[in-house]
*Asks:* 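Here it is, the structure in full.
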Amino acid sequence: MSAPSYRTFNDAQITQFIRKGFLCLEGAFPSSLAEEARRILWAATGCDPHRPEHWTRPVVRLRHFTDAPFTAAANTLRLHTAFDQLVGPGRWQPPVGLGTFPVRFPSPEEPQDVGWHIDVSFGTEHPDFLQWRANVQSRGRALLMLFLFSDVDEADAPTRIRAGSHLGIARRLAPTGEAGLTLGELASTGFAESADCEEVLATGAAGTVYLCHPFLVHSAQPHRGRQPRFMAQPPLLPAVPLRPDGPSPVEQAIALALK
């Protein structure tokens with residue numbers, strides 16, 4: 001689907017991805033697809049969009065969706081070309097739908113799923129998610145992606161990102177080899193190695209996608225706005241194993257951390 005003459009990102013943006021660990025891609029998919037998808041998501045929440053008095057939970061977590069609007073949103077030319085630039089042509093699997101959706105509602109109640117973390121990517125058959133794992137090869141994950149299906153401003157529970165935090169995580173994982181570390185082991189320090197990183201909020205209009213390094217430290221937060229936030233946070237799955245000395249910007253970032 002990618003066109004060799006077309007580039008989503010310029011050289012400066014690729015350098016930013018390597019050093020900061022993320023890029024914000026505005027207009028990654030049409031807002032009309034976001035609107036179609038929201039209708040499906042509203043129905044899945046069991047909530048009425050016109051009756052906020054019935055929005056009684058701070059977050060409703062929805063699983064994978066393969067309906068046409070989701071598959072189309074995940075497979076635009078701009079995104080496919082971006083995947084080629086960040087991971088490498090032929091080195092990623094085209095998304096089949098999108099998920100998971102943590103739909104966040106305005107609420108005075110504190111959600112129970114906030115806290116700094118990375119999205120670990122293998123060992124997920126274990127019933128305790130704190131035993132799921134990541135390793136320095138980023139087994140099972142080529143990118144973390146944040147798909148905004150609603151407009152998100154600073155009050156709408158945007159994901160908090162610690163820019164550059166992926167470098168410290170790569171250094172923690174490197175000595176542990178293929179086995180890597182569990183999420184519980186990674187979290188045992190409170191992700192202190194990223195505490196001094198600049199914090200960025202993943203805001204934007206519906207149709208925006210944040211393309212993030214798999215090791216990027218991030219966190220949810222409470223919703224203090226007026227309208228629910230609809231966002232998917234799927235992985236981009238690799239088609240071939242990544243490696244710390246590989247050619248892609250994802251791999252170059254790991255190599256930079258380990259120098």
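This chain uses plain numbering: 1 for the first residue, then up along the sequence.
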*Asks:* Which side-chain N or O atoms in residues 18-27 pair as donor and acceptor under 3.5 Å with protein atoms at least two apart or in another chain?
*Replies:*
none

*Asks:* Looking at Phe83 and Ala74, what are the two nearest heavy atoms and their distance?
*Replies:*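 Closest approach of Phe83 to Ala74: CE1-O, 4.0 Å.
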*Asks:* Is it true that Leu130 and Val114 fall in one hydrophobic cluster, defined by side-chain heavy atoms closer than 4.5 Å?
*Replies:*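 Different clusters.
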*Asks:* With the 4.5 Å side-chain cut-off for hydrophobic clustering, are Ile118 and Leu237 part of the same group?
*Replies:*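 Per the 4.5 Å side-chain linkage, Ile118 and Leu237 are not co-clustered.
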*Asks:* Side-chain donor-acceptor pairs under 3.5 Å in residues 198-206, sequence neighbours left out?
*Replies:*
{"from": "Glu199", "atom 1": "OE1", "to": "Arg160", "atom 2": "NH2", "distance (Å)": "3.3"}
{"from": "Glu199", "atom 1": "OE2", "to": "Arg160", "atom 2": "NE", "distance (Å)": "2.9"}

*Asks:* Looking at Gln233 and Thr100, would you say the former's side chain and the latter's main chain have a donor-acceptor pair under 3.5 Å?
*Replies:*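 Pair absent, no side-chain N/O of Gln233 close to backbone of Thr100.
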*Asks:* Minimum heavy-atom separation for Val152 and Pro158, please, with both atom names.
*Replies:*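 In terms of heavy atoms, the two residues are closest at CG1-CB, 3.8 Å.
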*Asks:* Indicate yes or no for a side-chain donor-acceptor contact from Gln13 to the backbone of Asn10 under 3.5 Å, with no hydrogens or angles considered.
*Replies:*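 Yes: the side chain of Gln13 pairs with the backbone of Asn10.
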*Asks:* Spell out, as yes or no, whether a donor-acceptor pair under 3.5 Å connects the side chain of Asn75 to the backbone of Ala72.
*Replies:*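 Absent.
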*Asks:* In the single-linkage hydrophobic clustering (I, L, V, M, F, W, Y; side-chain heavy atoms under 4.5 Å), do Trp132 and Leu173 co-cluster?
*Replies:*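 The answer is yes; both residues are in one hydrophobic cluster.
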*Asks:* Can you tell me how far apart CD (Gln252) and CG (Leu86) are? Round to the nearest 0.5 Å.
*Replies:*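 Reported value, rounded in 0.5 Å steps: 10.5 Å.
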*Asks:* For Gly177 and Asn135, work out which heavy atoms get closest and say how close.
*Replies:*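 It is O-CB, 3.5 Å.
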*Asks:* What heavy-atom pair brings Ser188 and Glu185 nearest, and what distance separates the two atoms?
*Replies:*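 It is OG-O, 2.6 Å.
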*Asks:* Has Arg139 got its NZ or CZ under 6.0 Å from the middle of the six-membered ring of Phe122, at an angle within 45 degrees of the ring axis?
*Replies:*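 Output yes; distance and angle both within limits.
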*Asks:* How would you list, by chain and number, every residue that makes a ring-ring contact (aromatic ring centres under 6.0 Å, His included) with His223, sequence neighbours excluded?
*Replies:*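 Scan of His223 (ring-ring contact (aromatic ring centres under 6.0 Å, His included), adjacent residues dropped) gives none.
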*Asks:* Just how far is it from atom CG of Leu181 to atom CZ of Arg133, taken to the nearest 0.5 Å?
*Replies:*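 Result: 7.0 Å between the selected atoms.
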*Asks:* To the closest 0.5 Å, what do you measure between CG (Leu211) and CG (Leu216)?
*Replies:*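 Result: 11.5 Å between the selected atoms.
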*Asks:* Do Val217 and His117 have side chains that get closer than 4.5 Å, going by heavy atoms?
*Replies:*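 SC-SC contact between Val217 and His117 ruled out.
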*Asks:* What residues form a side-chain hydrogen bond (donor to acceptor under 3.5 Å, both in side chains) with Asp67, not counting sequence neighbours?
*Replies:*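 For Asp67 there are no side-chain hydrogen bond (donor to acceptor under 3.5 Å, both in side chains) partners, ignoring immediate neighbours.
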*Asks:* Using a 3.5 Å distance criterion without hydrogens, assess whether the side chain of Thr76 forms a donor-acceptor pair with backbone atoms of Ala28.
*Replies:*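 Yes, the answer is positive, given that a donor and an acceptor are paired below the 3.5 Å cut-off.
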*Asks:* For the backbone of Val250 and the side chain of His213, can you confirm whether one donor and one acceptor N or O come within less than 3.5 Å of each other?
*Replies:*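 Here the side-chain-to-backbone pair exists.
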*Asks:* Determine whether Phe29 and Phe149 satisfy the following criterion, ring-ring contact (aromatic ring centres under 6.0 Å, His included), listing intermediate values before the conclusion.
*Replies:* CA-CA 10 Å; Phe29 61 95; Phe149 279 85; 4.9 Å; yes
*Asks:* Carefully, step by step, assess Phe215 and Ser138 under the rule side chain to side chain contact (heavy atoms under 4.5 Å, CB included).
*Replies:* CA-CA 8 Å; Phe215 300 159; Ser138 192; 3.9 Å; yes
*Asks:* Do the side chains of Leu242 and Met145 join up, straight or via other hydrophobic residues, at under 4.5 Å, putting them in one cluster?
*Replies:*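 Same cluster: Leu242 reaches Met145 through Ile, Leu, Val, Met, Phe, Trp or Tyr contacts under 4.5 Å.
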*Asks:* For the side chain of Thr81 and the backbone of Arg78, is there at least one donor-acceptor N/O pair under 3.5 Å apart?
*Replies:*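 No, the answer is negative, given that no donor and acceptor are paired below the 3.5 Å cut-off.
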*Asks:* Please tabulate, for side-chain N and O atoms in residues 50-58, each donor-acceptor pair with protein atoms closer than 3.5 Å (sequence neighbours left out).
*Replies:*
{"from": "Arg51", "atom 1": "NE", "to": "Glu53", "atom 2": "OE2", "distance (Å)": "3.1"}
{"from": "Trp55", "atom 1": "NE1", "to": "Asp48", "atom 2": "O", "distance (Å)": "2.9"}

*Asks:* Please determine whether the number of non-hydrogen atoms from other residues, nucleotides or ligands lying under 6.0 Å from atom CG of Asp196 exceeds 12.
*Replies:*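 Open.
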*Asks:* Between the main-chain N or O of Leu258 and the side-chain N or O of Arg171, is there a donor-acceptor pair closer than 3.5 Å?
*Replies:*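 No, because the side chain of Arg171 does not come within donor-acceptor range (under 3.5 Å) of the backbone of Leu258.
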*Asks:* Take Ser165 and Trp116, measure what side chain to side chain contact (heavy atoms under 4.5 Å, CB included) needs, and give me the verdict at the end.
*Replies:* CA-CA 11 Å; Ser165 57; Trp116 296 107; over 6 Å; no
*Asks:* State whether the number of non-hydrogen atoms from other residues, nucleotides or ligands found under 6.0 Å of Glu178 atom CD is greater than 12.
*Replies:*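 Counting other residues, nucleotides and ligands, CD of Glu178 exceeds 12 neighbours.
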*Asks:* Would you please name every residue forming a side chain to side chain contact (heavy atoms under 4.5 Å, CB included) with Glu193, sequence neighbours left out?
*Replies:*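 Partners of Glu193 by the side chain to side chain contact (heavy atoms under 4.5 Å, CB included) criterion, ordered by chain and then number, come out as Ile169, Arg172, Thr189, Phe191.
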*Asks:* Does the side chain of Thr182 reach to within under 4.5 Å of the side chain of His126, using non-hydrogen atoms?
*Replies:*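 Answer no - side chains too far apart.
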*Asks:* With side chains defined as the heavy atoms from C-beta onward, is the minimum distance between Arg7 and Gln85 less than 4.5 Å?
*Replies:*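 Side-chain contact under 4.5 Å: yes.
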*Asks:* Is it the case that the side chain of Arg141 and the backbone of Pro238 share a donor-acceptor pair, with hydrogens and angles ignored and the cut-off at 3.5 Å?
*Replies:*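 No, the answer is negative, given that no donor and acceptor are paired below the 3.5 Å cut-off.
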*Asks:* Kindly give the heavy-atom pair with the smallest separation between Ile254 and Ala170, and that separation in Å.
*Replies:*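 Minimum heavy-atom separation between Ile254 and Ala170: CG2-CB, 4.3 Å.
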*Asks:* Is it the case that the side chains of Glu251 and Ser248 hold a donor-acceptor pair, with the cut-off being a distance below 3.5 Å and no angle test?
*Replies:*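 Distance-only check passes for Ser248 and Glu251.
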*Asks:* Do the side chains of Phe101 and Arg229 get nearer than 4.5 Å, heavy atoms only?
*Replies:*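 SC-SC contact between Arg229 and Phe101 ruled out.
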*Asks:* Assess whether a salt bridge exists between Asp113 and Arg104, defined as any Lys/Arg side-chain N lying under 4.0 Å from an Asp/Glu carboxylate O.
*Replies:*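 Salt bridge: yes.
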*Asks:* Under 6.0 Å from the CD atom of Gln112, do we count more than 12 heavy atoms belonging to anything else shown?
*Replies:*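 Atom CD in Gln112 is not crowded, with 12 or fewer foreign heavy atoms closer than 6.0 Å.
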*Asks:* Could you give the distance from CG (Leu79) to CG (Asp84), rounded to the nearest 0.5 Å?
*Replies:*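 One gets 11.0 Å once the value is rounded to the nearest 0.5 Å.
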*Asks:* Do the side chains of Leu98 and Phe147 get nearer than 4.5 Å, heavy atoms only?
*Replies:*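 Yes, at least one pair of side-chain atoms sits under 4.5 Å.
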*Asks:* Is any side-chain heavy atom of Phe70 closer than 4.5 Å to a side-chain heavy atom of Ile40?
*Replies:*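 Sidechains of Ile40 and Phe70: in contact.
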*Asks:* Is it possible for you to say whether Ile161 and Leu186 belong to one hydrophobic cluster, with membership spreading through side-chain heavy-atom contacts below 4.5 Å?
*Replies:*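 Hydrophobic grouping puts Ile161 apart from Leu186.
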*Asks:* Provide the closest heavy-atom pair for Pro69 versus Ala37 in the form atom of the first, atom of the second, distance.
*Replies:*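 Taking Pro69 first and Ala37 second, the nearest heavy atoms are CB-N, 4.1 Å.
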*Asks:* So, does Thr176 use its side chain to make a donor-acceptor pair with the main chain of Ala179 at under 3.5 Å?
*Replies:*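 Absent.
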*Asks:* Do the non-hydrogen side-chain atoms of Leu41 and Phe230 ever get within less than 4.5 Å of each other?
*Replies:*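 A side-chain contact under 4.5 Å exists here.
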*Asks:* Are the side chains of His166 and Cys197 in touch, meaning some heavy atoms are under 4.5 Å apart?
*Replies:*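 A side-chain contact under 4.5 Å is absent here.
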*Asks:* Could you check whether any side-chain N or O of Ser121 sits under 3.5 Å from a backbone N or O of Ala134, counting only pairs where one atom can act as donor and the other as acceptor?
*Replies:*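 The answer is no, because no donor-acceptor pair under 3.5 Å joins these two groups.
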